*Asks:* 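Right, I'll just put the structure down here and ask away after.
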Amino acid sequence: MEDGHIVSSFDEELNRMRSAISRMGGMVEAQLSNAVKAIGRRDDAIARHCLQADAEIDAMEDEVEALTLRMLALRQPVATDLRAILAALRISHDLERMGDYATNVAKRASALNQLPEVGPINGIVRMGQLTHQIATGVLDAYAESDVDKAIAVWERDQEIDQMYTSLFRELLTYMMEDPRNISPCTHLLFVAKNIERIGDHATNIAETVYFQENGTRLEKLRPKGDQTSFAVVTPSDSDES
Amino acid sequence: MNDLTYATETAPPPEMDSAKIAKIVTRNVNVYYGDKQALIDVNLDIYEHEVTALIGPSGCGKSTYLRCLNRMNDVIDICRVTGDILLDGQDVYTSDLDVVQLRAQVGMVFQKPNPFPKSIYDNVAYGPRIHGLAQGRAELDTIVQQSLERAGLWKEVQDRLDEPGTGLSGGQQQRLCIARAIAVNPEVILMDEPCSALDPIATARIEELIDELRENYTIVIVTHSMQQAARVSQRTAFFHLGELVEVGETEHIFTNPSDSRTQGYITGRFG
């Protein structure tokens, strides 16, 4: 870690900003974990709790924005300070989006609980757990300013993408088997999509950590595993399965 | 002409633009005040039609460096300068060089506005008169008007050119000093903290002026205000303890400096 500023109140503000991001990150992790639980355990109470928690995450984003705005206006930050502040602003937006997606997963859990249990619930839960690990990893990388960890996590996003692609195909197959599956499976499809998007925002955060530490963009091409844009499942596929 | 090949700058930025023309080339410049060394092996290029900002803590050598460029250090008895300082490839420290001519070519604006205790007109006309740049009053009038226009002061003073320059506001006085420097057709203008005695509005006017002047002149500015360096310059050079630590594009220096000392200084962490 660098030496402190001559003006120590600037350090205090930067620390407050970092700890706000860490707290917000913790809230988003909990939100994701709860939303996935609500799906896996068909638990309405947890789903309802998620809806309330989302407002708190949004409030945290406002808090981070106010802190960064204040420092930009009053401190005229440059170099590492400027990058740290920009990074916090960006990460807070990513976390807010992640929170929204997790909340949407919880909402769909409430809907799914009113329908018969069908589809690859376990697969969705596993995908949610993996995404949770990745989110945790990227928040650790931020807290520890650890670029190597950020890159390692960033590369793992393709595992989420691959799981999403296979869930996508599986869900289509369920829907073709029996039209009564369409309603729950469509919800599950959106759940999977939301989780996949959470993973994408986690990789954004990894890229931001890289930028914050190095001052340059992560130029490597990220390995992509999401093939659903090209996925086609024909009725003959479902006959075979 | 001096056709020696010189070492590169002390700290060349990664994205050095070879298409730019170096107006001033300084190599291995060392300056001593008696036994004390004030500058250590400074290698720095000043590019044409750019504003180069020199920043660094007090006593880092940035003003000393600036004053080498038009031999203002000559007036200090105990000061000794070694190394090469080339203006358009010509060594400015040869003994047969006309220092008065050099200082017309490389003009200077100081921290506190220092107009002569003369009329506004005479302040600007003084240089052209002693250098014999004007044939007659009409031509001198033209030079005075053009210089004041370029310094952004003409509209404010055209009706009172006979009034004393010292009666103007601080910001106007500083622009008068810039007009005075411009009047002798310089190629380079050195500015040593030109805004430190001015309020923010007058500062903004001078900064706007610096940006306009860049089209016709090459400007080197010493400033203690990092924001000012960031606002007005294209290149920034950071000095510390007599050394040129880092030089590069201003945007690069203020977003991602390479040297930890630059980083520490511009972010206010210098311990």
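Here is the naming used below: chain letters follow the sequence lines, and residue numbers restart at 1 for every chain. Only a predicted model underlies this, so the values are computations on that prediction, with no experimental measurement involved.
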*Asks:* Let me know which of B:Arg150, B:Lys23, B:Glu187 forms a side-chain hydrogen bond (donor to acceptor under 3.5 Å, both in side chains) with B:Tyr217.
*Replies:*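 It is B:Arg150, the one option of B:Arg150, B:Lys23, B:Glu187 that forms the side-chain hydrogen bond (donor to acceptor under 3.5 Å, both in side chains) with B:Tyr217.
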
*Asks:* Using the salt bridge (charged side-chain N to carboxylate O under 4.0 Å, His left out) criterion, which residues pair with A:Asp157? Sequence neighbours excluded.
*Replies:* A:Arg222

*Asks:* Would you mind telling me which of B:Ile221, B:Val220, B:Asn73, B:Thr52 makes a side-chain contact (heavy atoms from CB on, under 4.5 Å) with B:Leu66?
*Replies:*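 Exactly one pass, corresponding to B:Val220.
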
*Asks:* What's the separation between atom NE2 in B:His49 and atom CG in B:Leu213, rounded to the nearest 0.5 Å?
*Replies:*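 B:His49 atom NE2 to B:Leu213 atom CG measures 12.0 Å (nearest 0.5 Å).
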
*Asks:* Please rank A:Thr216, A:Val7, A:Asn214 by heavy-atom pairs under 4.5 Å with chain B and give me the top one.
*Replies:*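 The candidate making the most pairs under 4.5 Å is A:Asn214.
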
*Asks:* So which residues of residues 158-168 of chain A are in contact with chain B at a heavy-atom cut-off of under 4.5 Å?
*Replies:*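 Against chain B, none of the residues of residues 158-168 of chain A fall inside the cut-off of heavy atoms under 4.5 Å.
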
*Asks:* Under 4.5 Å between any side-chain heavy atoms of B:Tyr65 and B:Leu44, yes or no?
*Replies:* yes

*Asks:* Indicate whether any N or O donor in one side chain lies under 3.5 Å from an N or O acceptor in the other, for B:Thr262 and B:Glu246.
*Replies:* yes

